[in-house]
Participant: 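One structure, pasted below without further comment.
A, B, ... follow the sequence lines: proteins, then strands. Residue 1 opens every chain. Bear in mind the structure is a predicted one, so any value in this text is a computation, not a measurement.
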Number of protein chains: 2
Amino acid sequence: MPTLNEVARRAGVTPATVSNVLRGRGRVGEATRQRVLEAVQALGYRPHLSARALAEGRPPTIALMVSSIANPFYPEFALVVENALRRSGRFLIICNTDGDPQTGRAYLEQIAGTLSAGVLVMNANLDFADLRATVRRGAPVVLCMWERPLDPPGLPCVAVDFRRAGELAAHHLLTLGHRRIGAIVGSKVSGIHAARYDGFVAAMQAAGLDGAGAPVRYAPDTTQGGYAATSELLARHPDLTAIFATNDLPALGAMQAAADLGLDVPRELSVVGITDIQLARESRPALTTVAVATTEAAELAVELLTELVEAPDSAAGATARVCVVPAPRLVVRASTAAPRTKG
Amino acid sequence: MPTLNEVARRAGVTPATVSNVLRGRGRVGEATRQRVLEAVQALGYRPHLSARALAEGRPPTIALMVSSIANPFYPEFALVVENALRRSGRFLIICNTDGDPQTGRAYLEQIAGTLSAGVLVMNANLDFADLRATVRRGAPVVLCMWERPLDPPGLPCVAVDFRRAGELAAHHLLTLGHRRIGAIVGSKVSGIHAARYDGFVAAMQAAGLDGAGAPVRYAPDTTQGGYAATSELLARHPDLTAIFATNDLPALGAMQAAADLGLDVPRELSVVGITDIQLARESRPALTTVAVATTEAAELAVELLTELVEAPDSAAGATARVCVVPAPRLVVRASTAAPRTKG
DNA sequence: TTGAAAGCGCTAACAC
DNA sequence: GTGTTAGCGCTTTCAA
């Protein structure tokens, strides 16, 4: 592969000039400019990105940390991220942590700052201490889809009001007339779905019900998790008329469980989720859910990170800016309906 | 961030020695070894991957080209790829081509050889000429999931016998007693699903039916595509008792169309797909499909590419090795059954 | 407007 | 065993 030097030689100029031409820096005479361009063309020259990364002090690369890219939510997000990065001439490294903080730390230590200029963090179960260390090492970190806008994490983040999302979902069920509602909370209590559940509880209480006392199960954030949780809930509380799930995947699992139990959704059981992933539209019955602004969040996250990466690095860490995306909104589909009149 | 040099200074040795210690090359005295390790520890040193890439002449990175990571098949594949790479200390760059050869070429030209040591190609609609140019530039290319083992593409590849998969799927329907079967072929005729359709036609003919004459629709490789194609097929040929789709996504779309038409699957319409993606298990009814060895293919692809990347580069391009994964196998679930007796 | 030169952080011969 | 010396290909002052 031809190098800058070879191009320079061929054009009868120095490497510095070629560099200037290629990146539009510094003044270059139109004649030399042309000669350089021709040489580039003739040789099929492409800049060596690793060399450039070294010289510039930062790679054209961003890392996206996820627990598993196979979770149906992540690819939708990653797609937008990749597009946004591509537009700015950057590239995307996918880091699967397998939900293991150790793996996450290993990734951060290896590539942050040396192979990736910055880090985008989805729900990857990372230690905040590791993230802060990463920032100290000079690689900005942005948290994507932070759940509680009012309770900033001390790191730059894009926040989504998931508490509100929980409220909206619960409120929808209540409005339909449901009173005996079971809740499925993805990941552990202290986990990131707490805000969504808080919203549910609040909406229930606002309706004069004992929200915190409603049947609840904590389950892995998967269809299987939702399936198992629903089976249990229904076994223990056969009178439930609706299921509130903090995420779409468990909600989809709830619908499967209902189907396997011979329960008609929504006639005999209503199900509502949160997020509005692609699958929610495609399931039968289609899932009623609360849509969050995924695309906007992804774009904001990239924008924010890009800014930090390019910032004169002092200002970067100090800011810890919080961007809030548009409010979640209810999307009514076919998985919810008024409860059957008893009898 | 501390550099090799600083570590060396602190340990009272030269950079070369530190390098040797860190990568276990060359002989180093146990005492110095310890001192170096301590210095590394104390300073929190991590190698600068971009610098190393430059010096070694190749980055620790592999590019995976896909048309869109949001296609449910890719993340499953990418997950395995990432894991395999991680085990060998490499990193994964995701390149979405949006199905556009131009975008694909731009990616290849930019990163192949300079930011990624090699390229893994899924069905990303790339020009073969561009791929060959990439190889010439020194970046090995491996085609993942090549469809026709008997018809190698002239590039190293991992092949899956999709023709056989098509046969298996069709044969299953025929065995159940179906005779009026509609086919949905993902992507265009000349496209990569041709082998699967060939298998279908062959199986039909073997059963004494006019395979090539069976109702067929070409559709985008998506649920929507399958939905639309099924609606059309059923409108035109109300007597169809089964749908054969060359991929799971369109098959899932077919089931949705059936549901929306009030047709019971499998009682009134059987549906079979190919691939066995996660969703196939999770749909209701669960999809009968032909499983291909995705995991094995992903691992083989990484293995093959790694070999080529590390090869003394002359031998690399010449080989064009073809690895074949285990044969596809039928997975019977709930979306297929014997056709209803007429009347 | 262009050139010369120093260096980014690391590796790899080869010499001691 | 350990040090010396050259780069890898590019960017970026600073001079000319």
Participant: How close do A/T114 and B/S50 get, counting heavy atoms only, and between which atoms?
Facilitator: O-OG, 2.6 Å

Participant: Taking 4.0 Å as the cut-off, does a side-chain nitrogen or oxygen of B/R25 come that near to OP1 or OP2 on C/dA12?
Facilitator: yes

Participant: Mark up nucleotides 1-7 of chain C, 5' to 3', with B wherever a protein heavy atom is under 4.0 angstrom from a base atom, S wherever such an atom reaches only the sugar-phosphate, and - elsewhere.
Facilitator: SBBB---

Participant: Specify the separation, in whole Å, of atom CG of B/L49 and atom P of C/dG9.
Facilitator: 14 Å

Participant: Taking atom C1' of D/dG9 as reference, at what distance in whole Å does atom CZ of A/R23 sit?
Facilitator: 13 Å

Participant: Going by heavy atoms in the side chains, are A/L143 and A/L131 under 4.5 Å from each other?
Facilitator: yes

Participant: Would you kindly give the CG-to-P distance between B/N5 and C/dT11, to the nearest whole Å?
Facilitator: 12 Å

Participant: Does B/R33 come within less than 4.0 Å of B/E30, counting only side-chain N to carboxylate O?
Facilitator: yes

Participant: Under a 4.0 Å threshold between the charged nitrogen and the carboxylate oxygen, would B/R86 count as salt-bridged to B/E82?
Facilitator: yes

Participant: Between A/E6 (CD) and D/dC8 (P), how many Å, whole number?
Facilitator: 10 Å

Participant: Taking atom C1' of D/dT13 as reference, at what distance in whole Å does atom CD of A/E56 sit?
Facilitator: 15 Å

Participant: What is the separation between atom CG on B/L4 and atom P on D/dG3, rounded to the nearest whole Å?
Facilitator: 13 Å

Participant: Indicate, with a heavy-atom threshold strictly under 4.0 Å, whether A/S19 touches base, sugar-phosphate, or nothing.
Facilitator: base

Participant: Specify the closest pair of heavy atoms between A/V142 and A/C157, including all atoms of both residues, with the distance to one decimal.
Facilitator: CG1-CA, 4.3 Å

Participant: Grab the CE-C1' distance between B/M1 and C/dC10 for me, whole Å please.
Facilitator: 13 Å

Participant: Indicate yes or no for a side-chain donor-acceptor contact from B/T103 to the backbone of B/G99 under 3.5 Å, with no hydrogens or angles considered.
Facilitator: no

Participant: If I take atom NE2 in residue A/H48 and atom C1' in nucleotide D/dT11, what distance separates them, rounded to the nearest angstrom?
Facilitator: 15 Å

